[in-house]
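Every chain is numbered from 1, with letters handed out A, B, ... down the list of sequences. Computed from heavy atoms alone, side chains included, the values below leave out hydrogens, waters and symmetry copies.
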2 protein chains.
Amino acid sequence: MSEDREVTIYDIARYLNVSAATVSRGLKNNPMISKNTRKKITEAAKTLGYQSNTFASSLRSRHTHTLGVLVPRLNSHFMSSVLAGMENAANRHGYNLIIAQSLEDVEKEKRNAATMFNKRVDGLLISLSYNTTDIHHLEPFFKRKIPVVFFDRIYPHEESTSVGINNYEAAYNITRHLAEQGCKRIMHLGGNLLRNVYQERLNGYRQALRDHHLPVSKKLYLTSTLSEQAGTEAARYILDLPPGERPDAVFSANDTAAVYCMLALKAAGLRIPDDIAFAGFNNDPISRVIEPNLTTMDYSGDSIGNTAATYLINHLKGISNLYTTDAITLRAEMVIRASSLKKKLRE
Amino acid sequence: MSEDREVTIYDIARYLNVSAATVSRGLKNNPMISKNTRKKITEAAKTLGYQSNTFASSLRSRHTHTLGVLVPRLNSHFMSSVLAGMENAANRHGYNLIIAQSLEDVEKEKRNAATMFNKRVDGLLISLSYNTTDIHHLEPFFKRKIPVVFFDRIYPHEESTSVGINNYEAAYNITRHLAEQGCKRIMHLGGNLLRNVYQERLNGYRQALRDHHLPVSKKLYLTSTLSEQAGTEAARYILDLPPGERPDAVFSANDTAAVYCMLALKAAGLRIPDDIAFAGFNNDPISRVIEPNLTTMDYSGDSIGNTAATYLINHLKGISNLYTTDAITLRAEMVIRASSLKKKLRE
DNA sequence: ACTTTTTGCGCAATCGGTTGCGTAAATATC
DNA sequence: GATATTTACGCAACCGATTGCGCAAAAAGT
């Protein structure tokens, strides 16, 4: 009952007068063992209260059924959805997640990558920190052929796959939407260009402006961390602009900055969308609470997480091959809400 | 360089002409080994590209430096803050987190608890699912003296500690605040009473009503999952009430339900707070975006996570003893915002 | 009845560190 | 200079499961 020793396969073996090898095989339902013996083993395991020791197993079999997940921050709506999706997929396939956050710091990212490696995760799911410039720290994984899947904030690498959305197209479409609403001076709140997602959104935004013969001005482009504070500061920036140079629309690379910018502008008396239209990115819960509701890009963190994890697991199981796939692009959908619908087009 | 074998302590041992035991001790900075040898070992480890194998180590040393975290859902603002806090504390102390979600399902919670046990986590941090009625599934942990810390949704157990806030008091205070604003018919949107947090909030709410000689009516109490939809439905319920029986204030056990209830009521033409005041719980980001801003209970998920993890780790390190502490109660602070400030008291 | 194939299981090495105990050399003690 | 103590390290037995190989018994084939 409450012994202090662990119950091992040897105990089961002794109990049933078979060898530990047989028990080991029996527990894994190896067809090499007769159905009868297998049943006896499973029963004995239950009555003895056997609990398999995962690392004894891992040590020998050289896989851990564990995936490493390395993210910039855990506490954003998007990221927690991603994690939820990953956990779901992993759990469904009998994998576990060991999760760490870099807090946007390369050094911590490196340390975390090292621990993950030492823990011998079967695969790595990673979204890069703000200021990661190279991925030398992932070399150990590549060397040992431990599959790496990038998601959201990706880094092109020939031995790994990335999962995300078409940020260029999404940004292009959302900017075009603003243009079609009659906006002439469309501003962009962007993030760190080291990260593909922000670079691509900027590119899409710019191209859409050019295609609609709208000004691509440095005054209409701000780069920041896209935090609440950054949103508020962007509002300040806009209000300080000479009236003639003020944007009549803002496309923010995330919802947080958009919403806090809106709040500040509203407080200053600007009307949204009539004085200034708004569009965000992420479809964060706050985008459905702010008034007017925020037009945004909806792409499910859940499916990104799910897809990335499932894909990684399929590779591990040999069902698919990660090395032949460069990128998986998920659908992103524009959700048009009141914040970008100019009156003249409404009626 | 790119060999396929792993670099082990034996390789280092051979390289330096010492024994593997010495290498093992040297790598852990065991003072039994001379400083000189230790330095040589660390250097050799670096040049050979040695990476420790965590489970070989865990197998023998019987601890994994890994904490299991079992939560209902990953993707809520509160929970992701908790996780961020835990990850921080764990990382700081050299521990890792393996995280799983029960999706509010006891069965999944049981399965997850079992895997965590099999992975031999050094400790368990758990917040119970919606419909967990007992904690038999945690017995293996108690039996093997693996420390368990409950957080937020706790379960009294003499061999484990819980970390949370004083829900009774918080609910009492927030209800009193509404009463002091002159609200006479205060409604409560509550959660499943199986979970202490909701039971205690209900108790606090009721006691405050009694103390202020306000009606404690079943009509003014709704229990739900506190989801967005539940919030909207609560609004429907309120609107369907005969005008004389309508509440003039709502205290919701979370912000999500409060906000979606507010949105629906506003859409129906009610004015907040004049027709109906509102208070929530959690200080979720949406509470600062909804108009009017929502009065709520602020308690930091981050500190709950941090405290719970730190406490567990200190126990593991022998710094403190978990078995002597029953509960750790963190501070919760009422944040009064416009949603609960009645005009007459404003001026 | 005799060979061939299949089935069911055991032997023993192995995965990569950890650690109690033993011991030789170096240093201290008197 | 002999004994006591300390320092620094090696030996070898683990930790608990996995797995290639071998072998006997049972089943199938002729």
Side-chain angles (χ1 to χ4, degrees), chain A residues 3-42 44-45 48-66 94 115 117-122 140 144, chain B residues 3-42 44-45 48-66 115 117-120 122 140 144:
Chain A
E3 324 162 19
D4 215 40
R5 301 270 304 103
E6 277 194 43
V7 181
T8 73
I9 54 168
Y10 297 101
D11 299 320
I12 302 183
R14 208 172 315 121
Y15 182 79
L16 291 179
N17 270 316
V18 296
S19 76
T22 304
V23 175
S24 171
R25 294 191 174 103
L27 287 172
K28 315 197 83 187
N29 261 311
N30 188 322
M32 191 195 277
I33 306 299
S34 76
K35 273 210 193 301
N36 193 346
T37 318
R38 265 188 274 169
K39 183 153 40 141
K40 275 199 247 166
I41 290 175
T42 344
L48 294 183
Y50 169 78
Q51 301 263 15
S52 85
N53 185 322
T54 317
F55 28 84
S57 153
S58 297
L59 177 58
R60 183 62 224 260
S61 63
R62 321 190 75 67
H63 43 52
T64 54
H65 279 259
T66 299
T115 4
F117 185 87
N118 286 350
K119 294 242 167 181
R120 299 294 190 275
V121 295
D122 286 349
R144 293 206 63 78
Chain B
E3 324 162 19
D4 216 38
R5 302 270 304 102
E6 278 193 44
V7 181
T8 72
I9 54 168
Y10 296 100
D11 299 321
I12 302 183
R14 208 173 313 121
Y15 181 79
L16 291 179
N17 270 316
V18 294
S19 77
T22 303
V23 176
S24 171
R25 294 190 173 104
L27 287 172
K28 314 198 84 186
N29 260 310
N30 187 323
M32 192 196 276
I33 306 299
S34 77
K35 274 211 189 303
N36 193 344
T37 318
R38 265 186 274 168
K39 183 153 41 142
K40 273 198 247 168
I41 290 175
T42 345
L48 293 183
Y50 169 78
Q51 302 263 16
S52 84
N53 184 323
T54 315
F55 29 85
S57 152
S58 296
L59 177 58
R60 184 64 224 260
S61 64
R62 322 189 74 65
H63 44 51
T64 54
H65 280 257
T66 299
T115 4
F117 184 87
N118 286 350
K119 294 243 167 180
R120 299 293 190 276
D122 286 348
R144 294 205 63 78

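- Within the structure, no pair that satisfies the salt bridge (charged side-chain N to carboxylate O under 4.0 Å, His left out) test touches residues 18-28 of chain A, not counting sequence neighbours.
- Listed pair A:Arg62 / C:dG16 meets the phosphate criterion, a side-chain N or O lying under 4.0 Å from OP1 or OP2.
- Atom CZ of A:Arg144 and atom C1' of C:dC15 are 13 Å apart (whole Å).
- Rounded to whole angstrom, the span from the CE atom of B:Met32 across to the P atom of C:dA25 amounts to 19 Å.
- Residue whose closest nucleotide on DNA chain C sits further toward the 5' end, between B:Phe55 and B:Thr22: B:Phe55.
- An OP1 or OP2 oxygen of C:dT18 is reached within less than 4.0 angstrom by a side-chain nitrogen or oxygen of B:Ser57.
- Atom CZ of A:Arg120 is separated from atom C1' of C:dG17 by 11 Å (rounded to the nearest Å).
- The side chain of A:Ala56 approaches D:dA17 more closely than any other nucleotide in the set D:dC9, C:dG16, D:dA17.
- Residue B:Ile9 places its side chain closer to C:dT18 than to any other of C:dT18, D:dC9, D:dT18.
- Sorted by residue number, the list of members of residues 33-41 of chain B with any non-hydrogen atom under 4.0 Å from DNA chain C is empty.
- Taking only side-chain atoms of A:Lys28, from C-beta outward, the nucleotide of C:dT18, D:dT18, C:dG10 with the closest atom is D:dT18.
- Residues satisfying the side-chain contact (heavy atoms from CB on, under 4.5 Å) test with B:Tyr50, not counting sequence neighbours, are B:Val7, B:Ile9, B:Ile12, B:Leu27, B:Ala45, B:Ser52.
- With B:Ser58 contributing its side chain and B:Thr54 its backbone, the two residues share a donor-acceptor pair below 3.5 Å.
- You'll find a donor-acceptor pair under 3.5 Å spanning the side chain of B:Tyr10 and the base of C:dG17, going by distance alone.
- Of the candidates C:dC11, C:dT18, D:dA17, the closest approach to any side-chain atom of A:Arg25 belongs to C:dC11.
- Among the nucleotides C:dT18, D:dA8, D:dA17, the one closest to any side-chain atom of B:Ser24 is C:dT18.
- For B:Arg14, the side-chain contact (heavy atoms from CB on, under 4.5 Å) partners at least two apart in sequence or on another chain are B:Tyr10, B:Asp11.
- Residues satisfying the side-chain contact (heavy atoms from CB on, under 4.5 Å) criterion with B:Asn17, sequence neighbours excluded, are absent altogether.
- C:dT18 atom P lies 9 Å from atom NE2 of B:His63, rounded to whole Å.
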### Task
Report the C-alpha separation of A:Ser34 and A:Thr37 in whole Å, then their side-chain angles, then the decisive distance to 0.1 Å, and conclude whether the side-chain hydrogen bond (donor to acceptor under 3.5 Å, both in side chains) test is met.
CA-CA 5 Å; A:Ser34 76; A:Thr37 318; 2.6 Å; yes

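- Atom CG of A:Asn30 and atom P of D:dC21 are 16 Å apart (whole Å).
- Rounded to a whole Å, the CG atom of B:Leu59 is 11 Å from the P atom of C:dT18.
- The base of C:dG16 does not come close enough to the side chain of A:Arg60 for any donor and acceptor atom to sit less than 3.5 Å apart.
- Within 4.0 Å (heavy atoms only), A:Val23 reaches no atom of the nucleic acid at all.
- Following rounding to the nearest Å, B:Phe117 (CZ) and D:dG16 (P) show an atom-to-atom distance of 12 Å.
- For B:Arg120, the side-chain contact (heavy atoms from CB on, under 4.5 Å) partners two or more places apart in sequence, or in a different chain, are A:Glu6, A:Gln51, A:Asn53, A:Phe55, B:Thr64, B:Phe117, B:Asn118.
- Rounded to whole Å, atom P of D:dA17 lies 8 Å from atom CD1 of A:Ile12.
- For the pair B:Ser24 (side chain) and B:Ala20 (backbone), a donor-acceptor distance under 3.5 Å is absent.
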